[in-house]
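Below: the structure, in structure tokens.
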Amino acid sequence: MCGIVGYIGKRQAAPVILDGLERLEYRGYDSAGIAVQHEGAIQVAKATGRLEALYHLTRGGTTLLGTSGIGHTRWATHGVPNDVNAHPHTNEHGTIAVVQNGIIENYIALRERLKSKGYTFVSETDTEVVAHLLDYYYQGDARKAIIQVLQHIEGSYALGIQFADQPEAIFGVRKGCPLIIGLGDGETFMASDVTAVLKHTRRVMYPGELEIAELGTEGVQLFTTDEEPVTREVSEVAWDISAAEKGGYEHFMLKEMMEQPKVVRDTLSPHIRDGRIEIEELKISDEDLARVNRVFFVACGSAYHTGVTAKYIFESLARLRVETDLASEFIYRDPLLDKDDLVVVISQSGETADTKEALKMAREAGCRVLAIVNVVGSSIAREADFVMYTMAGPEIAVATTKAYSAQLIDLYLLAMKFASARGYLHGRKLKSMMEDLAKLPEQIELMLNSREKIQRIANRFIAARDVFFIGRGIDYAISLEGSLKLKEISYIHSEAYAAGELKHGTIALLEEGSLVAAVSTQPSLHAKLLSNIKEVKARGAVVLGVTTMGNREIEQESDFCVTLPETNPLFANSLAIIPLQMLAYYIAVGRGCDVDKPRNLAKSVTVE
Ligand code: F6R
């Protein structure tokens with residue numbers, strides 16, 4: 001989704017802003033632009049396509065003079081990606097510039113009203129109305145004009161604003177979309193996320209909804225729409241800039257896959273104390289946990305797949321009623337929620353619009369909401385009752401890998417906590433599960449070290465047209481994620497099926513040579529999956545088996561087989577997903593795809 005960067009300080013603004021925008025590239029975009037204030041005028045440069053085009057146009061920003069400005073990477077929603085629709089947008093005289101992330105929902109009505117007052121529009125975007133509205137209200141007092149505009153626009157947005165005649169300030173405001181403030185030494189930044197400012201400062205502030213930020217060289221002032229000043233705490237970001245760089249790897253995705261042992265260890269370790277699971281963030285007593293009636297897992301995409309996994313684990317281990325929902329369905333299906341239900345929302349970015357809406361709905365229904373989130377200070381983290389962070393560090397590749405693995409860990413811990421509180425997990429069983437958890441980082445490392453084998457297999461399927469992933473129970477959840485990874489980065493059509501469903505229709509799609517990845521990590525289901533493998537082989541499919549070491553029959557029946565170290569079957573997803581991530585990665589690389597920034601996708605989906 002769109003990215004915003006703003007800068008005011010003593011340095012030339014444009015190169016700093018371009019560098020920040022580069023760090024937001026991973027969010028996904030199709031055009032970019034920048035506005036800089038200099039000697040009472042605003043200069044704007046925009047270019048369609050990758051940031052290199054904007055670099056080229058402005059010679060790395062050096063042709064734009066001035067020490068304050070705003071920049072934007074646009075992921076098209078209203079109007080095709082072109083130079084005119086790219087942000088910043090300005091008023092007719094070019095004296096007010098605006099960048100926006102999100103959607104102004106009532107822009108059509110506003111545009112008509114402004115047109116009737118003589119304003120002309122050049123772009124198809126919703127954002128341009130903000131520039132003209134500001135123009136309409138601006139009488140030399142920027143704060144007042146912004147407040148009036150906020151009273152008229154509807155939707156979820158983050159805005160960066162600059163006035164030609166206000167050299168001492170740039171402005172930012174957010175409602176439902178992210179915007180952080182970075183505090184440097186004699187310079188201040190705003191950005192859609194911290195990775196854009198980490199190179200300059202780790203001191204950040206998170207403005208609340210509709211709090212207007214006035215940035216100057218000496219810091220920031222926040223105020224409400226009633227012009228009341230607001231104080232927000234300054235946080236020190238723990239992430240290191242190197243965590244947001246490739247560090248010698250060809251792609252962020254490969255680097256992030258390789259980081260998984262560490263991420264899993266870092267996510268586990270704060271919760272293991274004296275052989276017991278501690279989740280301090282979940283401020284619910286064991287007695288209260290035991291009284292929870294139902295747990296809902298609500299999320300989108302890969303995060304939803306961890307929720308599908310969690311359903312199997314919670315039901316089997318904690319004997320608890322569980323529902324797992326896609327956030328985009330949950331919010332429109334009128335679910336029956338009551339105050340004894342716990343709703344767990346799962347999100348890497350903490351900004352996904354549908355997941356945020358689900359959180360809001362659950363809170364309004366009186367449920368307690370636990371968020372499993374990676375980005376500190378994100379909207380979901382702020383709005384939930386409790387937050388369990390995943391310790392994945394910044395995830396830059398659009399396709400999630402390490403955050404997914406970290407989410408699984410938080411969910412295992414949560415399931416075990418519930419199971420203990422409900423009296424289903426103690427003594428030897430608890431001890432053995434704790435031991436298996438502790439072994440996961442090393443076992444993941446082992447899987448990562450066998451990547452050459454996966455690469456060889458991947459090379460055979462670079463030209464595949466359709467790939468099917470099948471599994472039962474948790475293996476079905478793993479298949480969903482394996483399939484999503486492959487299709488999103490390699491653009492190969494791929495589907496995941498609960499293996500038992502194949503013969504109810506899908507098996508008709510199989511042709512001689514179709515690749516079927518068959519996941520079998522659950523001992524109680526091996527025999528069933530073996531039958532499914534035989535069925536697909538009988539129709540000419542080539543089978544890649546992913547199974548636990550020593551499962552000879554599946555190994556023999558598969559054309560290729562990846563074996564996994566032994567673990568508790570409930571944790572198998574953490575191991576089985578590694579070769580499937582690698583398979584997707586190497587196939588995509590072999591096909592020459594832009595692995596880190598797949599077409600049409602955005603890292604953080606801040607619109608419904
Ligand atoms: C796929 C992927 C997406 C996200 C989904 C939710 O690789 O990354 O499917 O999982 O968009 O995003 P978050 O977790 O930020 O809510």
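Counting starts at 1 for both ligands and their atoms, in listed order.
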Q | Every residue of the protein that comes under 4.0 Å of ligand 1, judged on heavy atoms | A |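 Within the 4.0 Å shell of ligand 1, which is judged on heavy atoms, sit Cys300, Gly301, Ser302, Ala303, Ser347, Gln348, Ser349, Thr352, Val398, Ala399, Thr400, Leu484, Lys485, Glu488.
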Q) What pairs of residues pass the side-chain hydrogen bond (donor to acceptor under 3.5 Å, both in side chains) test when at least one of them lies in residues 576-597, not counting sequence neighbours? A)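 Only Arg50-Asp594, His251-Tyr585, Gln260-Gln581 qualify under side-chain hydrogen bond (donor to acceptor under 3.5 Å, both in side chains).
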Q. Going by atom types alone, do Ser494 and Lys485 pair a side-chain donor with an acceptor below 3.5 Å?
A.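 Result is no, nothing qualifies.
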Q. Between Ser378 and Glu351, does any side-chain donor sit less than 3.5 Å from a side-chain acceptor?
A.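 Result is no, nothing qualifies.
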Q | Ring centres under 6.0 angstrom apart (Tyr157, Tyr107) | A |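 For Tyr157 and Tyr107, the ring centres are not under 6.0 Å apart.
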(Q) Check for me whether the distance between the ring centres of Phe314 and Phe297 falls short of 6.0 Å. (A) yes
Q | NZ/NE/NH1/NH2 to OD/OE distance under 4.0 Å, Glu245 and Arg23 | A | yes
